[in-house]
Amino acid sequence: MSFLQGLNEPQRLAVTAGDGPVLVLAGPGSGKTRVLTQRIAYLIREKRVPPWHILAVTFTNKAAREMRHRIEALLGEPPRGLTMGTFHGTCAAMLRREAAHLAPYTNEFVIFDADDQRQVVKQALADLNLDDKKFPPARMLNYISAAKNEFITPAEYAATNYVSEIARRVYAQYQKLLQANNAMDFDDLLMNTLLLFDQEPDVLAKYQQRYHHILVDEFQDTNTTQYGLLQRLALGHGNIFVVGDADQSIYKWRGADVRNINRFREQYPAAQMILLEQNYRSTQIILDAAKSVIKHNRDRVHKELFTDRQGGAKIIIREAYDDREEAVLVVDTIARLVLEGYEPGDMAVMYRTNAQSRALEEAFLTRGLPYKLVGATRFYGRREVKDIIAYLRLVHNPADAISFNRIVNTPPRGIGKKTQEQLESWAAANGWQPGQALLRLATDADVPHPFVGRALAPLLTFSAMLYEWVTLSDGSGVGEVVDLILQDTRYRDYINDGTEEGEERWANVLELRGVANADAEISLSAFLEQVALVSDVDNLEETANAPTLLTLHAAKGLEFPIVFITGLEEGILPHIRAFEDMEELAEERRLFYVGLTRAKDRLYLLHAHRRVAYGQADAAQRSGFLQEIPGELVEGGNHGSRPDRRGSSRDWQWNRPAPASINQARPAAAGVNSPPPPRTPPSAAARFVSPTTRAEPRPEPALPARPAYRTGQRVRHQRFGEGFVIEVKRTGDDDEIIVAFSGEGIKRLAASIANLELVE
DNA sequence: GGATCTCATGTTTTT
DNA sequence: CATGAGATCC
């Protein structure tokens, strides 16, 4: 029984638990993924449960993929028929299969993302003659989403005040529009599945009979609707195995309800409860810090987490002058740790908001170091990518008015506002959506229509194109359809305007084309579903050996030997929006806790003295959460405000970090040209690196040596090739060198980074 | 009809 | 700052 080996007692209990409800409360790093995968393997191998009788739900596609691989490794063969995926993905599949019960939906329904949702809300507001200034679409969407997460239909929606009464009406109209577009939003996937279960007992019975065992990961982040789905499916056999950790609940804002854990215990009083308290991930120091922090939350069930990894490197807390400097500190430290033998891919930098990635990216780019970025401007959120997907969606589902509106005149083809209005009213009069109306023009030459004069020609052209694509899509690969669309619309000319940005956009289009071509067999429908449901973490490349930049939310479920958490300031973490509400503050603390517990070996916590927001720098205050870490766990102690720096009249030591590039980071490379040994404090980078990371005490590193660049000097650059120096600017600690390269034009380079070779 | 400009406006976290 | 909406001009 290889898959029971190496399990501790509670893990073994969980893996081999008998039938009936089981609740596993699993601390961070306690091997919950292991328990889930091994239990599935155990059920299949030992209990002779056919894989198709098992449903396993995870939070991300990536987690699902990983678990499937691990199960396959345990079994020695793929678990054929096992249903494993996200709630959304699993529900989408069921809805697609049961579309016959979903009128007016057809099985060609599309999934609308946040952008599309906003468009629909705006349309709904317009339909109801409501001012979208007074009722911002984003706010309306919050109401709508909250309702759906609570499994409340428009008819059941109880308005308690003026705004929620408006929200109720908008919600109702919004749903109508979605149906007219044959579209569902993310929440609908869950909600409509649950509605289907409740309205069609036969359908529910079918799935109850199919799934004898249900396993759920990240149970603390389920919402009411998801709970309802699980509860319905488990009626009867009651074989529901859930794993979660209330301390890692960080999606309350998305409708997740930690109380589902209590609800579960009430609903299944006989449920076995198993605590996983041994942490296999972090050092004692890191675990102790995390425990000290989370202890400040009230009303939580105490877990006694422990680890065998006694001791460990102390936690390093540093203040930078501003966010740019903070980023440089991080990158400097990463470069140094790499020199010490750590793999770049072993490191992650985490932050509260996506906007914070910017400074970090710049620091990496300046250094010429690669990084992996999760989120921010996600690939599938890019304008050009969304355009192409909108074309595909329209081909797939001509009723999709949102996609139609997006591309009807993109690229511009002479179908302006007025023509669009005309088209819309003509379509409405016939009970069509605009896309369907347009197709009529191509398929039915005699159809009476109101278009005359200038508007007619572009409409007919576009109509013929759309018809051509629809025809082609029947029986051809997605890639071919994409190619024809790109060709017909001359999309490249439109997007690639000769600027660097245009190049990039076109490259993104080509990348999407690559995705479409990757699988020759995939249907348009499956392709669209796939691109709608991927998350950023799903696309996280394992292979590239580079540090990962990601939000604390995205970090959930991941682990790294070395973790940096930046922006530990009041207003950032905890976020300013959480100040008023104790519950939200507790969630911010859990978020911090999640970040802390991602680290295996080393933890660096950073905050800045000034932070740029809205393009303006403001004084920032150290996060109160930092105070919750005991001083003995922190390198040099945990001093709230550090007297040696605070109150010093000048921040000069932060003004310009000495860039210690990888090539020059060898300590004290004092050459002939180097300045005298610093009376000045060491560079920011040097101060940041913990002394414990060094084998022995050594002199403070000197600033990098400065080779003698002179105007006219011929130099060679690794990437740019040969050129000659036009100008040398001595600036503070570094020289800026302006070089004219024969092939690449004029570049400004930082001497310490560029690593120029002198050419005779 | 379309391009370009200004202005204001607001940023958490995401399947 | 960065995006979006609205106005203005071609």
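Naming: A, B, ... by sequence-line order, numbering from 1 per chain.
Nucleic acid contact class of A:R358 (heavy atoms, under 4.0 Å, all strands): sugar-phosphate only.
Here A:D323 does not pair with A:R358 in a salt bridge; the nearest charged N to carboxylate O distance is not below 4.0 Å. Under 4.0 Å is where a charged nitrogen must lie from a carboxylate oxygen, and between A:K252 and A:E584 no such pair does. Between A:D618 and A:R611 there is no salt bridge, since no side-chain N of the basic residue sits under 4.0 Å from a carboxylate O of the acidic one.
Nucleotides C:dG4 and B:dT13 are separated by 16 Å at their P atoms, to the nearest Å.
As a whole-Å value, the separation of A:Q117 CD from B:dT15 C1' is 11 Å. One interatomic measurement links the two molecules: CG of A:N223 to C1' of B:dT14, which rounds to 13 Å at whole-angstrom precision. For A:H88 and B:dT14, the NE2 to P distance is 14 Å, given to the nearest whole Å. Between the P atom of B:dT13 and the NE2 atom of A:H575 lies a distance of 7 Å, rounded to the nearest Å. Distance A:Q226 CD to B:dT15 P: 12 Å, rounded to the nearest Å. As rounded to whole Å, 14 Å separates atom C1' of B:dT14 from atom OH of A:Y351. If you take CG of A:D618 and C1' of C:dC1, they are 14 Å apart, rounded to a whole angstrom. The separation between A:M350 atom CE and B:dT13 atom C1' is 15 Å, rounded to whole Å.
Ring geometry for A:Y251 against A:F59 counts as tilted: the plane angle lies between 30° and 60°, on a 0 to 90° scale. Relative orientation of the A:F264 and A:F219 rings is perpendicular, given thresholds of 30° and 60° on the angle between their planes. Classification of the A:W426-A:F451 ring pair by plane angle, with boundaries at 30° and 60°, yields perpendicular.
Judged as a side chain to side chain donor-acceptor pair (under 3.5 Å), and not counting sequence neighbours, the contacts of A:Q175 are A:K148, A:D188.
For the pair A:Y207/A:L55, no side-chain contact is recorded, criterion being any heavy-atom separation below 4.5 Å from C-beta on.
If A:F186 and A:T419 are placed on DNA chain B by their nearest nucleotide, the residue sitting closer to the 5' end is A:T419.
A:N354 has a side-chain polar atom (N or O) that falls below the 4.0 Å cut-off from OP1 or OP2 of B:dT13. A:T551 has a side-chain polar atom (N or O) that falls below the 4.0 Å cut-off from OP1 or OP2 of B:dT14.
Minimum atom distance to the side chain of A:H553 is reached by B:dT13, of the listed B:dG1, B:dT15, B:dT13.
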Pairs under 3.5 angstrom, nitrogen or oxygen only, protein versus nucleotides 5-7 of chain C, please.
residue : atom : partner : partner atom : Å
C:dA5   : OP1  : A:R118  : NH2          : 3.4
C:dA5   : OP1  : A:K122  : NZ           : 2.7

Expected rows: protein N/O vs nucleotides 2-6 of chain B N/O, under 3.5 Å:
residue : atom : partner : partner atom : Å
B:dG2   : OP1  : A:G414  : N            : 2.8
B:dG2   : OP2  : A:N409  : ND2          : 2.9

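The minimum heavy-atom distance linking A:T225 with A:F151 is given by the pair OG1-N, 3.2 Å.
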